[in-house]
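All remarks here apply to the structure that follows.
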Amino acid sequence: MYWYDGKLSQQDTLQLHINEPGLLYGATVFTTMRVYQQSLSHPLTNWNAHCDRLKQSLTVFNWQQPNWQHLQQGVETLLASFPVLRITIFPNGRELIVGRNLPLDLTQRQQGITAWLAADNLFRRDIATYKTGNYLGAYLALQKANKHGAKEAILIDTNGNWLETSTGNLWGWHDGCWYTPALASGILPGIARSQLLNYLRQQNIAVRENIWTLEFVRGLQALAYSNCVAEVVPILSVTGECNRTFAKNQIYEQLRSYFLSLTKPD
């Protein structure tokens, strides 16, 4: 079941023109949204932030805006069946909305994972500050990480600086302060990242944006990543060209507390 161009379909296939730019070049923009308590107004759903992400990307690319009424209708139709929605917009403004369930291992994952350092030019993400349909670099990195027994991949730049994971933004803790790679590094301005930054500052918890050089990474005492679906996931070990281990630490609760503060029983 999916929503496409103003209509609900009960099929599991989609027919596209053979010259569709989204098919040929990955010419789409998208956002992945977790819907809390089946509500677009829930603060953790961040509906407006997801719409703003799409609008800004389409404006920058000079692509057609979708019919926002149809798009919201599709979202409201699917959120009754799926807690996670991926909203894709084609250059001509057509919307495609597909749903999925939360990862079966999410609770286990939130206890801590192993990440693999994707230290190869093959795994770079093009136009990294936007969520475009061309996610091949991140996809390949995650596939390679899985083959190495890791749940995530950490992407780096040409200087070896750490950027983000294949699906989220990085967080590191050192001597009483949280750090996250600066947007100037060339990373995606994640919605969960933005919300966490605002929350930490409101709580007067020290947080900084910086460049994650190898020297800086060596000094980290805790490591995690965030995204809208998984919330906060501790990274307890890193394998690959960099081998690091991190002890389980209550400090992660400072990040988790943002989500807990806004979660109420259904």
Between W116 and F123, does the ring centre distance come in under 6.0 Å? yes
For a quick check under 3.5 Å, do N92 and R94 share a side-chain donor-acceptor pair by atom type? yes
Flag side-chain contact, heavy atom, 4.5 Å: V229 against P103: yes
Between I235 and T114, is there a side-chain heavy-atom distance shorter than 4.5 Å? no
Could you tell me if S226 and W171 have a donor-acceptor pair between their side chains, going purely by distance under 3.5 Å? yes
For the residue pair E209 / Y179, report whether a side-chain donor-acceptor contact shorter than 3.5 Å exists. no
Check this for me: does any side-chain nitrogen of one of E152 and R109 sit under 4.0 Å from a carboxylate oxygen of the other? no
Kindly say whether Q254 contributes a backbone atom to a donor-acceptor pair with the side chain of S257 at under 3.5 angstrom? yes
Evaluate the salt bridge (Lys or Arg N to Asp or Glu O under 4.0 Å) criterion for residues K7 and E95: first the C-alpha distance (whole Å), next the side-chain angles of each, then the deciding distance (0.1 Å), finally the verdict. CA-CA 10 Å; K7 298 178 181 179; E95 77 282 357; over 6 Å; no
Please assess E215 against R218 for the test salt bridge (Lys or Arg N to Asp or Glu O under 4.0 Å), listing each intermediate value before the final yes or no. CA-CA 5 Å; E215 181 180 0; R218 292 190 188 102; over 6 Å; no
Under a 4.0 Å threshold between the charged nitrogen and the carboxylate oxygen, would D105 count as salt-bridged to K151? yes
Are F30 and I97 close enough, and set up right, to give a side chain to side chain contact (heavy atoms under 4.5 Å, CB included), and what steps lead you there? CA-CA 9 Å; F30 76 95; I97 309 169; over 6 Å; no
Say whether, by atom type as modelled, one donor and one acceptor occur between the side chain of R34 and the main chain of T45 under 3.5 angstrom. no
Would the distance check show the side chain of H42 and the main-chain N or O of L262 forming a donor-acceptor pair, the cut-off being under 3.5 Å? yes
Is it true that Q73 and Q69 share a donor-acceptor pair across their side chains at a distance under 3.5 Å? no
Pairing of R193 and E164 as salt bridge, 4.0 angstrom limit: no
For the backbone of L223 and the side chain of Y252, can you confirm whether one donor and one acceptor N or O come within less than 3.5 Å of each other? yes
Using the side-chain contact (heavy atoms from CB on, under 4.5 Å) rule, pick out the option among N46, L40, I191 that qualifies with M33. L40
